[in-house]
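No hydrogens, no waters, no symmetry mates; every other heavy atom, side chains included, goes into these values. Nothing fancy with the numbering, it's 1 onward along the sequence. Remember, predicted model here, so these are calculated numbers, not experimental data.
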Amino acid sequence: HVGGGFLDRIGSTLDNIGRAGKAQFDVMSDKFLSGMGITKSRYKNNISDEASIYARLNQDAYLKGGKGGARGSIAKSDGYEYLSDHSTDARAVYRKDGKLRVIFRGTRAGDAAAFKNNDLFKDASIAFGDTSEMMNIDDERTKVNQLFDEYGDGNVEFGAYSLGGGTALELMADDSIYKRLGEHNHMLAPGITALNPNLKKVSKLHKAFFTYHHNDAVANSLMAHSNDHHNVLTDQDDPLKAHLFLDRLAGANKSQDPEPK
């Protein structure tokens, strides 16, 4: 750690990589031993009702927005109202029972929109651990604080998938925002790497709940500091399918929004 901030960050990154590697080894050992019938697997691959609902809200956020647009059609089945006036292409806001869920959309890939919205550049920024420049964080911080002021502290929660998770976690690393958030914020395979200086902090936030696969390179650095708020899935060996699991999550539990436990 001699040399100050730069070497501190290198040390932290190496520590994150080492811890994530150990966690990955533990998962693979568990899969091998349980597959051989020697031990019982420690990983249940269960999906909570809340994670399933957040997955459907994330699906809805991918739909085209704007007044009269398709957004809101999926969310409606769970009793949520889409608030177009508070939303953008990258952010979808939903209301239910006087509370808001702010969903930060994942990468819109496969068409010109990924270039138009700088999604691919934002992905590259996340990969190198620098989310602040590309994520329009100042704009999102301003908007979120406006929602807190309008709906009250504790009545706004975040949900995000992939690229959107990079935005949400960057905001949650801000203590002034975090203290005003509600208690159940769900990150589904969020975009964050071992290079991110906030990895340890956000991995352990008690208001954050994570669902991701052990072999998902977009999110599995979180395993370096995982706890009981991390639902690490082990049932998919294909890394690409491990990340593109939103449809599976959304269809897992189609019950109405449960009361937090």
Side-chain angles (χ1 to χ4, degrees), residues 9-56 58-59 106-107 109 123-124 126-129 159-166 168-169 184-206 208-254 261:
R9 183 162 179 175
I10 291 177
S12 175
T13 298
L14 292 176
D15 181 61
N16 291 335
I17 293 173
R19 288 173 180 268
K22 180 183 182 301
Q24 186 75 281
F25 177 79
D26 288 344
V27 172
M28 297 307 295
S29 297
D30 180 85
K31 291 188 72 174
F32 175 77
L33 293 174
S34 61
M36 294 289 291
I38 298 174
T39 64
K40 187 176 182 180
S41 177
R42 292 175 287 133
Y43 298 89
K44 303 302 182 183
N45 291 302
N46 294 330
I47 299 169
S48 70
D49 288 343
E50 277 197 333
S52 184
I53 288 167
Y54 269 98
R56 292 195 288 276
N58 275 275
Q59 284 183 322
T107 303
D123 287 334
I126 286 175
F128 286 98
Y161 165 68
S162 192
L163 170 63
L169 292 176
H184 290 74
N185 302 271
H186 280 262
M187 306 291 110
L188 311 178
I192 190 168
T193 72
L195 296 175
N196 191 303
N198 290 319
L199 175 63
K200 182 176 181 179
K201 178 178 181 177
V202 299
S203 296
K204 293 181 174 295
L205 296 175
H206 75 271
F209 295 81
F210 300 91
T211 302
Y212 55 91
H213 274 93
H214 75 99
N215 58 337
D216 177 1
V218 174
N220 66 5
S221 62
L222 289 160
M223 292 171 66
H225 306 288
S226 61
N227 55 28
D228 60 358
H229 281 204
H230 291 239
N231 184 17
V232 182
L233 305 177
T234 63
D235 60 346
Q236 178 55 254
D237 292 322
D238 184 321
L240 182 59
K241 291 181 179 178
H243 184 63
L244 302 177
F245 70 157
L246 206 55
D247 288 346
R248 179 205 162 185
L249 293 184
N253 304 294
K254 293 188 177 180
K261 297 180 180 179

Would you mind telling me which of Asp235, Asp238, Asn220 makes a side-chain hydrogen bond (donor to acceptor under 3.5 Å, both in side chains) with His213?
Asp235
Side-chain donor/acceptor of Ser221 to backbone N/O of Ile192, under 3.5 Å
yes
Over all atoms of both residues, closest heavy-atom pair of Gln59 and Ala250:
OE1-CB, 3.2 Å
Can you tell me how far the OG atom of Ser203 sits from the CG atom of Asn227, to the nearest 0.5 Å?
8.0 Å
Could you go step by step and tell me if Leu222 and Met187 meet the side-chain contact (heavy atoms from CB on, under 4.5 Å) rule?
CA-CA 11 Å; Leu222 289 160; Met187 306 291 110; over 6 Å; no
List for me each residue that meets ring pair (Phe, Tyr, Trp, His ring centres under 6.0 Å) alongside Phe209, sequence neighbours excluded, and say none if there are none.
His184, His186, His229
Going by heavy atoms in the side chains, are Ser162 and Asn58 under 4.5 Å from each other?
no
Atom pair OH/CG of Tyr54 and Leu188 - distance to nearest 0.5 Å:
9.5 Å
State the CE-CG distance between Met223 and Asn215, to the nearest 0.5 angstrom.
9.0 Å
Heavy-atom closest contact (Leu249 atom, Ala55 atom, distance):
CB-CB, 3.5 Å
Return yes when atom NZ of Lys200 has more than 12 non-hydrogen atoms of other residues, nucleotides or ligands closer than 6.0 Å, and no otherwise.
no
Report the residues that fulfil salt bridge (Lys or Arg N to Asp or Glu O under 4.0 Å) with Lys22, sequence neighbours left out, ordered by chain and then residue number.
Asp26
Between CG on residue Leu233 and CG on residue Asp216, distance to nearest 0.5 Å:
10.0 Å
Hits for salt bridge (Lys or Arg N to Asp or Glu O under 4.0 Å) against Asp15, two or more places apart or cross-chain, chain-then-number order -> Arg19
Minimal heavy-atom distance between Ser34 and Ser41, with the atoms involved, is CB-N, 3.7 Å
Between Tyr212 and Ser226, what is the shortest heavy-atom contact and its length?
OH-CB, 4.0 Å
Provide the closest heavy-atom pair for Ala168 versus Ala160 in the form atom of the first, atom of the second, distance.
CB-CB, 3.9 Å
Might you point out which heavy atoms bring Ala208 and Val202 nearest each other, and give the distance in Å?
CB-O, 4.5 Å
For the residue pair Thr39 / Asp30, report whether a side-chain donor-acceptor contact shorter than 3.5 Å exists.
no
How many angstroms lie between atom CD of Gln236 and atom CZ of Arg248, to the nearest 0.5 angstrom?
8.5 Å
Between atom OH of Tyr161 and atom CZ of Phe245, what is the distance when rounded to the nearest 0.5 Å?
6.5 Å
